[in-house]
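Read the structure below first, then the notes.
Every chain is numbered from 1, with letters handed out A, B, ... down the list of sequences.
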Number of protein chains: 2
Amino acid sequence: MDSSPKQRTTRQRTAILAALGHESDFRSAQQLHEQMRASGESVGLATVYRNLQSLAESGQVDVLVTDEGESIYRQCEDDTHHHHLVCRVCGRTVEFQAPEMEEWTRRIASQHGFADVHHTMEIFGLCPDHADQAS
Amino acid sequence: MDSSPKQRTTRQRTAILAALGHESDFRSAQQLHEQMRASGESVGLATVYRNLQSLAESGQVDVLVTDEGESIYRQCEDDTHHHHLVCRVCGRTVEFQAPEMEEWTRRIASQHGFADVHHTMEIFGLCPDHADQAS
DNA sequence: ATTGCTGCAAAACATTTGCACGTAC
DNA sequence: GTACGTGCAAATGTTTTGCAGCAAT
């Protein structure tokens with residue numbers, strides 16, 4: 001029941017958060033790791049995984065699972081419940097909230113007697129800059 | 001541009017479709033494979049994967065990706081666009097449609113200039129029979 | 001007869017873990 | 001000083017693939 005496990009401020013953890021930065025796109029652990037190495041950071045891949053995992057648990061980053069089953073991460077601007085609109089080509093992401101939808105979800109669930117529900121909902125599409133790109 | 005690739009009617013393919021049956025729950029390729037072996041069917045795991053994949057492509061079965069990145073499959077009753085309400089404990093599934101939500105999705109997307117969008121949305125919860133089960 | 005399917009085992013992947021060592025506290 | 005974090009390599013688990021033989025058309 002301890003909701004604040006002590007997390008140490010290590011060089012690697014800091015670097016990972018910095019690398020996530022405020023880019024508005026989702027990246028996989030592997031991409032992030034590569035990106036960090038490219039910019040001279042020395043970090044182990046396992047460490048990137050471990051940190052992303054703990055950061056996700058503590059709600060500091062957002063996780064999405066792609067259709068291929070790969071987990072992708074992003075530092076979120078908003079710490080409340082929200083969804084994403086992601087560009088299939090460049091990864092550009094827009095966060096949005098959908099109170100009506102939350103409401104809707106709860107209604108559907110209780111209609112069928114389901115309790116303690118949570119939902120996933122993400123939108124993928126082509127952003128203005130890539131609107132003409134083939135699917 | 002050929003949207004009807006010739007699929008042969010093999011014993012295995014038929015068996016897989018039969019095994020998927022009309023159960024109202026999602027199963028992974030591995031589970032399905034095990035289930036088939038248990039009931040005496042002789043099928044290779046790779047074949048199960050290959051068939052599920054092609055069946056999913058041709059829209060004959062539904063695919064969902066779990067939080068752990070595992071793909072789970074189900075034969076759908078409804079061949080139009082729909083979503084699922086899945087029990088976290090027993091896998092029991094209810095299909096539902098959400099026209100208002102489709103509408104909503106399109107609106108959000110075009111508001112941000114996104115085109116050619118598709119979305120994912122699934123609800124997970126506890127069905128009436130498992131409402132008291134801990135998360 | 002063709003050409004696609006199957007089975008098996010090996011390969012490819014992303015992710016996790018064991019363990020000795022380093023380091024934040 | 002102690003407990004947690006890190007790095008590496010090995011292990012895990014799922015899905016894919018190469019290839020020789022089998023079967024549907």
With heavy atoms under 4.0 Å as the rule, sort [X] into base, sugar-phosphate or nothing.
X     : answer
A:S42 : sugar-phosphate
B:T9  : sugar-phosphate
A:R50 : base

Which residues share a side-chain hydrogen bond (donor to acceptor under 3.5 Å, both in side chains) with [X], sequence neighbours left out:
X     : value
B:Q53 : none
A:Q35 : A:R27
B:E95 : B:R74

Nearest-angstrom distance from the residue atom [atom1] of [X] to [atom2] of [N]:
X     : N      : atom1 : atom2 : result
A:E57 : C:dT16 : CD    : C1'   : 14 Å
A:Q53 : C:dT16 : CD    : C1'   : 8 Å
B:L55 : C:dC5  : CG    : C1'   : 13 Å
A:Q31 : C:dA14 : CD    : C1'   : 12 Å

C:dG7 OP1/OP2 closer than 4.0 Å to side-chain N/O of B:T47: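 Checking B:T47 against C:dG7: at least one side-chain N or O falls below 4.0 Å of OP1 or OP2.
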Under-4.0 Å side-chain N/O to phosphate OP1/OP2 contact, A:Y49 with C:dT16: no
Salt bridge (Lys or Arg N to Asp or Glu O under 4.0 Å) partners of A:R50, counting only residues at least two apart: none
Sorted by number, the residues of residues 61-73 of chain B with heavy-atom contact under 4.0 Å to DNA chain C: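 None - not one residue of the stretch has a heavy atom sitting under 4.0 Å from the strand.
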Residue closer to the 5' end of DNA chain D, B:Q30 versus A:A46 (nearest nucleotide):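 Checking each residue's closest nucleotide, the 5'-ward one belongs to A:A46.
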Co-members of the apolar cluster containing B:I72 [side chain, <4.5 Å]: B:F26, B:L64, B:V86, B:F124
Co-members of B:L45 in a cluster of I, L, V, M, F, W and Y side chains, linked at under 4.5 Å: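 Other cluster members: B:Y49.
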With sequence neighbours excluded, residues passing side chain to side chain contact (heavy atoms under 4.5 Å, CB included) with B:V65: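 So B:V65 forms a side chain to side chain contact (heavy atoms under 4.5 Å, CB included) with A:V65, B:S71.
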Sequence neighbours excluded - side chain to side chain donor-acceptor pair (under 3.5 Å) pairs with any residue from residues 54-64 of chain B: B:R13-B:S54, B:S58-B:Q60, B:D62-B:H82, B:D62-B:H84
Side chains of A:H83 and A:Q97, donor plus acceptor under 3.5 Å: no
Mutual orientation of the aromatic rings belonging to B:W104 and A:F96 [parallel < 30°, tilted 30-60°, perpendicular > 60°]: tilted
Start and end of the DNA chain D segment that chain A contacts, any atom under 4.0 Å from a heavy atom: D:dA3 to D:dC8
Terminal helix-axis angle for the helix from C:dA1-D:dT25 to C:dC25-D:dG1, with five pairs defining each axis and rounding to 10 degrees: 40°
Which donor-acceptor pairs under 3.5 Å do the side chains of residues 105-112 of chain A make with protein atoms, sequence neighbours left out?
| residue | atom | partner | partner atom | Å |
| --- | --- | --- | --- | --- |
| A:T105 | OG1 | A:M101 | O | 2.9 |
| A:S110 | OG | A:R106 | O | 3.3 |
| A:S110 | OG | A:R107 | O | 3.2 |

